Amino acid sequence: MQTPWEPSGWSTALSETIALTTREAESSRRGAPAAGASAADPCENTTLTLKMQNCLVTCNDADDGGGLSLTTRLRAEVVNTTIGYNQAGRGGGIYAHSSCVEVHNSILWEDETSSEIYVDTNGDLTISYSVLQGGCEGIGHDTYYSIKCEPNVLMGNPKFLWPIGCDDEACTGDEDFRIIAGSPAIDSGNNILVHKDELDLNGDDDTEERTPLDLLLEPRFVDDPFTTDTGVNDPPEYPYVVDMGAYEYPGCPPISGAGFVYPPNKVIDARQPHPPADCSIDARQGIGSQDEPIYIGPPVSVSTSLSCWGLCETGIEPIEEGCELLDPNEIVSISEVDNTGLYELILERPISAGYVTELAYLGAGPLTMHASLPADANADCTSAPADITALINYLNEVEDPPHGDYSCDIDHSGLCGPPDINRLIDLLNGAWWYIVWNNRELDEGLEPDICQARGEGMLADGNGAFINGFVTHMSTVVITDAQSEADFKMIVDATAGFCVDNLSLDERATLADRLQDPSLKFESPLAEEMVPEIVSALLD
């Protein structure tokens, strides 16, 4: 590909972010004409031509022109490009000084500045068939400017899929600027303004056709039958109207029917992320795997094309010592189950431990959010000792687990039982090659969406809550048969061992005092008989 600064150069981006600027020219030639001089026509005196198409320009910062800074005898043709979330003093999206700029079939949105486009001295701008935040009235300008903003320039929200990612923070790498159903950019561009396929993106040796692919190398000129055409087609070769922006909307039918998701929305999976000492993808267990697919419906009617779906993960940095996480997760297959209106989704790998994974359908927007935080049995977005007492309460039917088996079947056995206490403690301790998850948290910004309400001071006093829960369990447990006696002994032995390994000396002394308090009444003689053994272990 030619560099975009060569004469008549092309810039057809196949990457996620680009930044183009002519800072050197700006610093040496910028300035208004001298008194009495006439303004030069930049469109008649250009020395360089920049053609941009299928480009995404995001997350850049500059004094002038956060997305594009175009200066001094430059002609720029910006077509089917998305510019957003850049920052600048003037022209957060585009800054034009002594340059001739045309913008067509494009989107400029949420650039932090006084105006998306700023036309400076001798700047010439033509914009049509585009979404521009603030509309034509929002274009800033200086002296000796020329602006032609067509009535077909729209100012409605373009409805990006994940413009600030699923972590609700812009420019962290999990953004997705595809448009979803209801976007004003759908079927509203102008086919005649699409550049020829000079780079032969589809490899058919036809460079005279209009560029047939978008930034993802998906087809252009796709009709959305659920959107009224407001742009310009060009039959017979191009009967379908092109969209605005770098991505073409693939015409996904809207979801009809219940559309619920299984597992239910906003589930935190507290179970082990993988078997001990085995970090391979095939061995990983959890939501999204072949053994545990994600289901939509029934009954629903959706497209099974992968281009209609999206998956966003809050992070991809390694969080498991010795287990390397790969590139961002993705959906690998979508299929309807036996014509039932139930759809099965399989991910490249189960949702990543320690992160939040969000699933979306472009015909409806984001659908569901799942998190994996091993050992977080009470779903408060923190793995801590309090989860042990929560799990004990679930097994004793004192309270219901917030996410059913996802909160209590820690060892993936298919049953919630006393062995899950051992596995939970292993996860908190990092025993048997498990990673230490004690005091691990999910992103605090996600708490309102996915975390259960936290008790007052629970995070600051996690061990205090655990101590209270353990004392309550010892005093209130009812043992009815030999099996419940064996289960109780397993839980107490495991929990006492955790106390010795994780509680401070003062905390262990507090727990010993609480268990020996003369006013404490025990429902089970066995529980009372075990207290001296526990106290001895705590104070040893």
Side-chain angles (χ1 to χ4, degrees), residues 268-273 275-276 285 373-380 383-434 437-438 462-463 465-503 507-508 511-512 514-517 520-538 540:
I268 295 181
D269 191 349
R271 301 169 303 172
Q272 64 183 32
Q285 302 168 316
L373 187 58
D376 183 19
N378 61 6
D380 67 352
S383 296
D387 292 293
I388 299 175
T389 52
L391 180 55
I392 292 172
N393 287 336
Y394 304 154
L395 300 182
N396 288 332
E397 299 183 354
V398 174
E399 56 184 304
D400 295 328
H403 299 310
D405 287 352
Y406 295 102
S407 300
C408 61
D409 182 19
I410 308 300
D411 62 1
H412 280 270
S413 68
L415 296 172
C416 295
D420 293 300
I421 298 290
N422 285 324
R423 189 53 49 84
L424 176 63
I425 290 173
D426 285 347
L427 290 172
L428 291 173
N429 283 338
W432 293 98
W433 298 286
Y434 285 103
W437 286 93
N438 195 18
N463 288 342
F466 163 70
I467 290 170
N468 292 337
F470 183 53
V471 171
T472 299
H473 172 63
M474 290 290 296
S475 61
T476 61
V477 66
V478 176
I479 300 173
T480 58
D481 53 34
Q483 183 59 52
S484 61
E485 179 179 324
D487 291 346
F488 172 71
K489 287 183 177 180
M490 179 187 297
I491 291 173
V492 171
D493 287 342
T495 308
F498 177 83
C499 294
V500 173
D501 292 337
N502 291 274
L503 270 60
E507 289 171 332
R508 281 184 277 158
L511 176 54
R514 294 281 304 279
L515 290 173
Q516 298 177 103
D517 186 343
L520 185 65
K521 304 300 181 184
F522 292 87
E523 296 290 335
S524 167
L526 177 61
E528 189 170 11
E529 290 172 7
M530 292 187 68
V531 167
E533 180 182 342
I534 297 172
V535 169
S536 176
L538 291 172
D540 187 6

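Reckoned from all heavy atoms, side chains included, excluding hydrogens, waters and symmetry mates. Everything numeric in this text was worked out from a predicted model, so none of it was measured.
- The closest side-chain heavy-atom distance from I467 to L503 is below 4.5 Å.
- Counting only heavy atoms from C-beta outward, the side chains of M530 and D493 approach each other to under 4.5 Å.
- Every residue was checked against the salt bridge (Lys or Arg N to Asp or Glu O under 4.0 Å) condition with D387, not counting sequence neighbours, and none meets it.
- In this structure, CD1 on I421 lies 5.5 Å from OG1 on T495, to the nearest 0.5 angstrom.
- Counting heavy atoms from C-beta on, the side chains of H403 and I268 come closer than 4.5 Å.
- Open room surrounds CD on E397; 12 or fewer heavy atoms of other groups in view lie less than 6.0 Å from it.
- More than 12 non-hydrogen atoms from other residues, nucleotides or ligands lie less than 6.0 angstrom from CG of D481.
- Of the N and O atoms on the side chains of N393 and T389, not one donor lies less than 3.5 Å from an acceptor on the other residue.
- Residues C408 and D420 have side chains not in contact (no heavy-atom distance under 4.5 Å, counting atoms from C-beta outward).
- Contact of the K489 side chain with the L526 side chain is registered, since non-hydrogen atoms from C-beta on lie closer than 4.5 Å.
- With a 4.5 Å cut-off on side-chain heavy atoms, D517 and V471 do not count as touching.
- Side-chain contact between Q272 and L427: present, with at least one pair of heavy atoms (C-beta onward) separated by less than 4.5 Å.
- Between L515 and F522, the shortest heavy-atom distance links the atoms O-CZ, 3.9 Å.
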Quiz item: Under the side chain to side chain contact (heavy atoms under 4.5 Å, CB included) criterion, do S407 and N378 qualify, and how do the steps go?
Solution: CA-CA 7 Å; S407 300; N378 61 6; over 6 Å; no

